[in-house]
Student: 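Dropping a structure here in structure tokens format, bear with me for questions.
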Amino acid sequence: MGRLQGKVALVTGAGSGIGEGIAAAYASEGACVVVADLDAAAAARVAATIVAQGGKAVGLAQDVTREQDWDAAVARAQAEFGDLSVLVNNAGIAPCADPIETLSLADWRRTLAVNLDGVFLGTRAGIRAMRAGAAGSIINISSVYGLVGTTRAPDYVAAKGAVRLFSKAAALECAEAGYRIRVNSLHPGFIDTPMLERGLEQMSGKGIVPDPVTGRAAITSLHPIGRLGTPTDIAAAAVYLASDESAFMTGAELVVDGGYTAR
Ligand code: NAP
């Protein structure tokens with residue numbers, strides 16, 4: 001028996017990086033997985049890979065900032081596999097932002113729309129879908145930058161910090177209402193994904209680092225453990241939070257950062 005046998009999971013932004021790793025790990029632990037992503041082809045590719053390996057998955061196009069996409073995603077999960085029991089609000093963007101004094105309102109709002117509004121809409125949809133069912137788990141992917149600050153990312157830090165406290169508010173509401181839904185936030189350090197690659201390219205283009213290779217080494221050195229994280233590192237924590245092994249955890253923050261925030 002897998003650790004997630006009998007569970008139905010929806011993972012957003014699962015066509016790439018951390019979300020892809022979580023979707024694969026969930027399926028290998030026995031969950032039925034809805035692989036959702038802005039990029040329909042990427043979602044279909046990840047789902048097909050899982051199915052080819054003997055797992056249960058379906059791919060779905062979804063923009064987490066659109067309310068109607070949430071209704072459709074939850075309905076699809078229900079139609080394909082039955083009641084939703086796990087939701088991972090993973091989709092996010094991390095643009096290399098301008099300093100606050102020159103950051104445009106449009107850029108600020110875009111980051112908050114995906115990284116915070118998307119988590120709100122997802123958590124709301126998840127509670128509505130799970131409140132009448134058996135044990136549910138909502139996992140909101142924040143960041144070390146939901147715990148500590150940095151430069152060049154005021155919009156990202158604001159959104160990820162808000163996700164941390166929003167998750168606690170949702171956990172308390174669910175507990176008070178008597179719903180068997182746990183809500184926790186997960187805080188990765190730097191993880192080797194396409195998002196990191198794009199960030200390094202952007203920082204290099206803006207002259208913040210001399211080149212992506214030097215930038216990667218500098219970022220790696222921020223992690224006392226001596227390496228960047230992998231999607232598998234985060235997926236292991238996400239399996240734990242989705243499983244009944246974490247039944248006494250809600251409103252908590254799980255930090256998986258190679259020691260980044262230990263200093
Ligand atoms: P990634 O490789 O860029 O994957 C993110 C996925 O989300 C992409 O497939 C992207 O699709 C999708 N996405 C973007 N906007 C979306 C939207 N509006 N609706 C639905 N899907 C959308 O990034 P990642 O590194 O795996 O990051 C996943 C999560 O972990 C993010 O929340 C990120 O902030 C967080 N995180 C990452 C790191 C890190 O170092 N990588 C560290 C801490 C936290 P497109 O490619 O089509 O845009």
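Ligands are counted one by one from 1 in listed order, and the atoms in each one are counted from 1 as well.
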Student: With a 4.0 Å heavy-atom cut-off (strictly under), which part of Arg198 contacts ligand 1: side chain, backbone, both or neither?
Tutor: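 It is the side chain that gets close, since no backbone atom is under 4.0 Å.
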Student: Heavy-atom contact check, 4.0 Å cutoff: does Ser142 meet ligand 1?
Tutor: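 Ser142 counts as a contact of ligand 1 under the 4.0 Å cut-off.
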Student: Do Asp192 and Arg216 make a side-chain contact, defined as non-hydrogen atoms from C-beta onward lying under 4.5 Å apart?
Tutor: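 A side-chain contact exists here, since the closest heavy-atom pair is under 4.5 Å.
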Student: Indicate the atoms forming the closest heavy-atom contact of Cys174 with Val183, along with that distance.
Tutor: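 Scanning both residues completely, I find the closest heavy atoms to be SG-CG2, 4.4 Å.
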Student: Could you point out which residue of Val86, Ile181, Val88 forms a side-chain contact (heavy atoms from CB on, under 4.5 Å) with Ile138?
Tutor: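 Of Val86, Ile181, Val88, side-chain contact (heavy atoms from CB on, under 4.5 Å) with Ile138 is met by Ile181 alone.
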Student: How far is atom 40 (O) of ligand 1 from its nearest protein heavy atom, and which residue and atom name does that atom have?
Tutor: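 Protein heavy atom with the smallest distance to atom 40 (O) of ligand 1: Ile191 N, 2.8 Å.
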Student: Check the hydrophobic clustering (I, L, V, M, F, W, Y; side-chain heavy atoms under 4.5 Å; chains of links allowed) and say if Ile139 and Leu84 are grouped together.
Tutor: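 Shared cluster, no.
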Student: Relative to the ring of Phe190, is the ring of Tyr260 parallel (under 30°), tilted (30 to 60°) or perpendicular (over 60°)?
Tutor: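 The arrangement is tilted - the two ring planes meet at 30° to 60°.
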Student: Is there a nitrogen or oxygen of Arg110 sitting under 3.5 Å from a nitrogen or oxygen of ligand 1?
Tutor: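 Min N/O separation from ligand 1 is not below 3.5 Å for Arg110.
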Student: Checking a contact table here: which protein heavy atom is nearest atom 7 (O) of ligand 1, and how many Å away?
Tutor: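 Among all protein heavy atoms, the one nearest atom 7 (O) of ligand 1 is Gly13 CA, 3.4 Å.
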Student: Can an N or O of Ile18 be found at a distance shorter than 3.5 Å from an N or O of ligand 1?
Tutor: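 Ile18 vs ligand 1: N/O contact under 3.5 Å present.
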Student: State the CG-CG distance between Asn89 and Asn140, to the nearest 0.5 angstrom.
Tutor: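 Answer rounded to 0.5 Å: 4.5 Å.
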Student: How close does the nearest protein non-hydrogen atom get to atom 24 (P) of ligand 1, and which residue and atom is it?
Tutor: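 Heavy-atom neighbour on the protein nearest atom 24 (P) of ligand 1: Thr193 OG1, 3.6 Å.
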Student: For Val64 and ligand 1, does the shortest N/O to N/O distance drop below 3.5 Å?
Tutor: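 Yes, since at least one N or O of Val64 sits under 3.5 Å from an N or O of ligand 1.
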Student: For atom 9 (O) of ligand 1, state which one of Ile22, Asp37, Val144, Leu38 supplies the nearest heavy atom.
Tutor: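 Of the listed residues, Asp37 has the closest heavy atom.
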Student: List every atom of ligand 1 that sits less than 4.0 Å from any heavy atom of Asp63, numbering the atoms from 1 in the order shown and giving each element.
Tutor: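 Matching atoms, with element in brackets: 17 (C), 18 (N), 19 (N).
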Student: Would a 4.0 Å cut-off, counted as strictly less than, catch a protein heavy atom around atom 46 (O) of ligand 1?
Tutor: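 It does not; no protein heavy atom is within 4.0 Å.
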Student: So which protein heavy atom does atom 23 (O) of ligand 1 come closest to, and at what separation?
Tutor: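 Scanning the protein heavy atoms, the shortest distance from atom 23 (O) of ligand 1 goes to Met195 CB, 3.3 Å.
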Student: Does ligand 1 have an atom under 4.0 Å from some heavy atom of Glu20?
Tutor: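 It does not; every heavy atom stays at 4.0 Å or beyond.
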Student: What protein heavy atom is closest to atom 4 (O) of ligand 1, reported as residue, atom name and distance in Å?
Tutor: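 Protein heavy atom with the smallest distance to atom 4 (O) of ligand 1: Ser16 OG, 3.5 Å.
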Student: Show me which atoms of ligand 1 lie under 4.0 Å from any heavy atom of Gly17.
Tutor: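 So the answer, numbered in order with elements, is 2 (O), 26 (O).
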Student: From atom 34 (O) of ligand 1, work out which of Tyr260, Tyr156, Phe190 has a heavy atom at the shortest distance.
Tutor: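 Closest candidate by heavy-atom distance is Tyr156.
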Student: Just to be sure I'm reading this right: ignoring hydrogens, which of Ser143, Gly189, Ala94 gets closest to atom 38 (C) of ligand 1? Compare them by their nearest heavy atoms.
Tutor: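 Nearest option to atom 38 (C) of ligand 1, by heavy atoms: Gly189.
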Student: Within a distance under 4.0 Å of any heavy atom of Ala91, pick out the atoms of ligand 1 and give their elements.
Tutor: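 Within the 4.0 Å cut-off of Ala91, ligand 1 contributes 7 (O), 20 (C), 21 (N), 22 (C), 32 (O).
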Student: Can you confirm whether Val35 sits close enough to Val11 that some side-chain heavy atom of one is under 4.5 Å from a side-chain heavy atom of the other?
Tutor: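 A side-chain contact under 4.5 Å is absent here.
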Student: Can you tell me if Leu196 has a non-hydrogen atom under 4.0 Å from ligand 1?
Tutor: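 Contact absent.
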Student: Please examine the side chains of Glu253 and Lys168, heavy atoms only from C-beta on, and report whether any two atoms are closer than 4.5 Å.
Tutor: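 Result yes, sub-4.5 Å side-chain heavy-atom pair found.
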Student: Nearest non-hydrogen atom to atom 32 (O) of ligand 1 belongs to which of Asn89, Ile219, Asn140, Asn90?
Tutor: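 Considering heavy atoms of Asn89, Ile219, Asn140, Asn90, the nearest to atom 32 (O) of ligand 1 sits in Asn90.
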Student: Salt-bridged, Lys206 to Asp98, with N to O below 4.0 Å?
Tutor: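 Salt bridge: yes.
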Student: Assess the residue pair Asp39 and Arg45 against the criterion (side chain to side chain contact (heavy atoms under 4.5 Å, CB included)); give the C-alpha distance rounded to whole Å, side-chain angles, the decisive distance to 0.1 Å, and a yes or no.
Tutor: CA-CA 10 Å; Asp39 181 341; Arg45 175 187 60 77; over 6 Å; no
